[in-house]
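Below is one structure, written out as structure tokens; the observations come after it.
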Amino acid sequence: MRTQGILEKYRDLIKLPKHAVPLSLCEGDTPLIPVPALADRLGGGFELYVKYEGLNPSGSFKDRGMVAAVSEAVGAGAKTIICASTGNTAASAAAYAARAGIRAIVLIPGGKVARGKLAGAAMYGAQIIQIDGSFDEALKLVREITDKMPIALVNSLNPYRLEGQKSGAFELCDALGSAPDLVCIPVGNAGNITAYHMGFTQYHELKKTGIPSFIGVQAAGAAPLVLGHVVEHPETVATAIRIGNPARGDQALNVIKETNGKMLSVSDDDILAAQKLLAGQGIWVEPASAAGLAGLIAEVNAGRDVRGKRVVLICTGNGLKDPDIVQLPEPIKVRPDFEEVRKILVA
Ligand SMILES: *Cc1c(COP(=O)(O)O)cnc(C)c1O
């Protein structure tokens with residue numbers, strides 16, 4: 001049973017200022033699920049795992065960074081926090097603000113934000129403001145607001161977000177005994193890939209656990225780091241990575257270069273197919289979270305040799321976050337009668 005959060009568990013490794021007031025919703029310590037059947041589909045001969053981040057308290061990995069950022073902000077005297085969000089950051093910020101008894105304001109982009117995420121933000125009590133613009137414009141506004149008003153910014157520009165998010169890398173090393181060989185991870189604002197790399201580097205310096213290669217995966221309609229330029233109107237079903245101007249893009253590209261990795265993009269169809277493959281293993285993730293698997297499939301098809309390797313898919317958010325993406329079949333309706341149901345079952 002999980003009885004402590006990441007700030008307690010990794011208190012010597014996550015660097016927060018003295019004034020921080022450590023919060024916890026017992027985030028982190030998420031399952032690392034072996035998926036040998038998926039490895040076999042990709043040719044076999046290697047170990048494949050899903051790091052199921054959807055089991056964090058608010059349903060995504062964002063809780064790892066948010067617990068650190070809000071702990072610092074509260075200690076510094078903040079009474080209000082604000083973030084721009086494609087949804088999960090909003091839900092997470094709202095949850096930890098509620099925990100700390102302070103106010104949360106979230107700015108969401110125009111267009112689609114997954115329903116489960118907004119429901120979370122609303123339920124935890126955040127004030128939700130939708131702007132008539134993109135995520136990138138929302139982030140710009142939030143920066144201006146926090147420059148001019150006594151409100152704390154908790155987007156992943158906030159360095160404490162990355163401090164907390166490093167804990168995912170620590171957990172992988174603890175669970176596997178050392179770092180995996182390859183990590184496949186969706187990339188939006190590029191905070192998570194940056195944080196994982198920081199975490200592996202820090203653990204390696206302490207315990208010689210090694211540093212993996214990274215495959216960073218963007219959606220084809222929102223792939224600034226693959227195209228090499230800002231995308232003005234990013235579009236993808238994977239709303240959590242619908243970002244055209246990643247705040248930590250340069251850092252992510254450095255991680256790819258340093259670890260001999262690759263930044264690539266996959267189509268929405270490939271993302272949805274990967275989501276179905278994971279669901280076929282009993283692991284329902286939101287579309288963005290399936291991008292890592294879609295990227296691995298693309299790489300293996302392009303000839304990357306993963307035999308003998310340990311590969312981890314970072315599955316960032318829970319499938320329940322985005323129920324509208326599921327095409328619900330019209331249920332077959334029958335009277336509560338054995339004969340009628342039997343006829344359907346044997347048809
Ligand atoms: C935020 C988020 C991402 C992208 O993470 P970045 O740090 O912005 O690259 C991917 N998947 C999900 C589910 C997210 O919530």
Side-chain angles (χ1 to χ4, degrees), residues 30 50-66 69 83-95 106 108-109 113-114 116-118 120-121 135-136 138-139 154-159 161-166 168-169 183-199 214-219 222-226 234 236-253 255-256 263 265-266 271 274-275 278 283-295 313-322 325:
T30 54
V50 165
K51 180 70 170 154
Y52 192 23
E53 289 289 282
L55 291 192
N56 275 297
S58 84
S60 84
F61 80 86
K62 296 296 198 300
D63 294 339
R64 295 180 183 275
M66 200 55 74
C83 62
S85 176
T86 59
N88 281 331
T89 299
S92 186
V106 303
I108 59 170
V113 170
K117 302 177 188 182
L118 274 190
F135 168 84
D136 304 288
L139 184 57
V154 294
N155 275 102
S156 60
L157 292 163
N158 178 318
R161 283 277 305 278
L162 299 208
E163 277 300 310
Q165 284 174 211
K166 293 188 309 193
V183 169
C184 305
I185 183 166
V187 174
N189 226 7
N192 209 24
I193 187 171
T194 304
Y196 264 90
H197 184 252
M198 284 167 55
F214 283 82
I215 294 181
V217 189
Q218 301 209 285
L225 300 180
V226 178
T236 168
V237 285
T239 51
I241 52 175
R242 189 162 67 99
I243 290 170
N245 188 13
R248 295 193 185 263
D250 290 342
Q251 278 165 283
L253 290 173
V255 169
I256 297 297
M263 186 70 74
S265 66
V266 293
I271 287 172
Q275 187 191 28
L278 287 163
I283 303 167
W284 182 24
V285 304
E286 65 168 283
S289 306
L293 175 58
L313 308 170
I314 309 297
C315 285
T316 43
N318 199 299
L320 288 163
K321 291 275 191 173
D322 195 355
I325 207 75

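When a ligand or atom number is given, it counts from 1 through the structure's own listing order.
- Ser85 pairs by the side chain to side chain contact (heavy atoms under 4.5 Å, CB included) definition with Cys83, Thr89, Ala90, not counting sequence neighbours.
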Distances under 3.5 Å, N/O of ligand 1 against N/O of the protein: list each pair and its distance.
{"from": "ligand 1", "atom 1": "7 (O)", "to": "Gly191", "atom 2": "N", "distance (Å)": "3.1"}
{"from": "ligand 1", "atom 1": "7 (O)", "to": "Asn192", "atom 2": "N", "distance (Å)": "2.8"}
{"from": "ligand 1", "atom 1": "8 (O)", "to": "Asn189", "atom 2": "N", "distance (Å)": "2.8"}
{"from": "ligand 1", "atom 1": "9 (O)", "to": "Gly188", "atom 2": "N", "distance (Å)": "2.8"}
{"from": "ligand 1", "atom 1": "9 (O)", "to": "Asn189", "atom 2": "N", "distance (Å)": "3.3"}
{"from": "ligand 1", "atom 1": "9 (O)", "to": "Ala190", "atom 2": "N", "distance (Å)": "2.8"}
{"from": "ligand 1", "atom 1": "11 (N)", "to": "Thr316", "atom 2": "OG1", "distance (Å)": "2.7"}
{"from": "ligand 1", "atom 1": "15 (O)", "to": "Lys62", "atom 2": "NZ", "distance (Å)": "2.6"}
{"from": "ligand 1", "atom 1": "15 (O)", "to": "Asn88", "atom 2": "ND2", "distance (Å)": "2.7"}

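- Proximity of Glu163 to Met198: side-chain heavy atoms (C-beta onward) are separated by under 4.5 Å at one or more points.
- Under the side chain to side chain contact (heavy atoms under 4.5 Å, CB included) criterion, Val255 pairs with Ile193, His197, Phe214, Thr259, sequence neighbours left out.
- Tested against Val113, the residues Ile108, Asp322, Asn88, Thr239 include a single side chain to side chain contact (heavy atoms under 4.5 Å, CB included) partner, Ile108.
- With 3.5 Å as the limit, one finds no donor-acceptor pair spanning the side chains of Thr316 and Ser60.
- For Asn245, the side chain to side chain contact (heavy atoms under 4.5 Å, CB included) partners are Asp136, Val230, not counting sequence neighbours.
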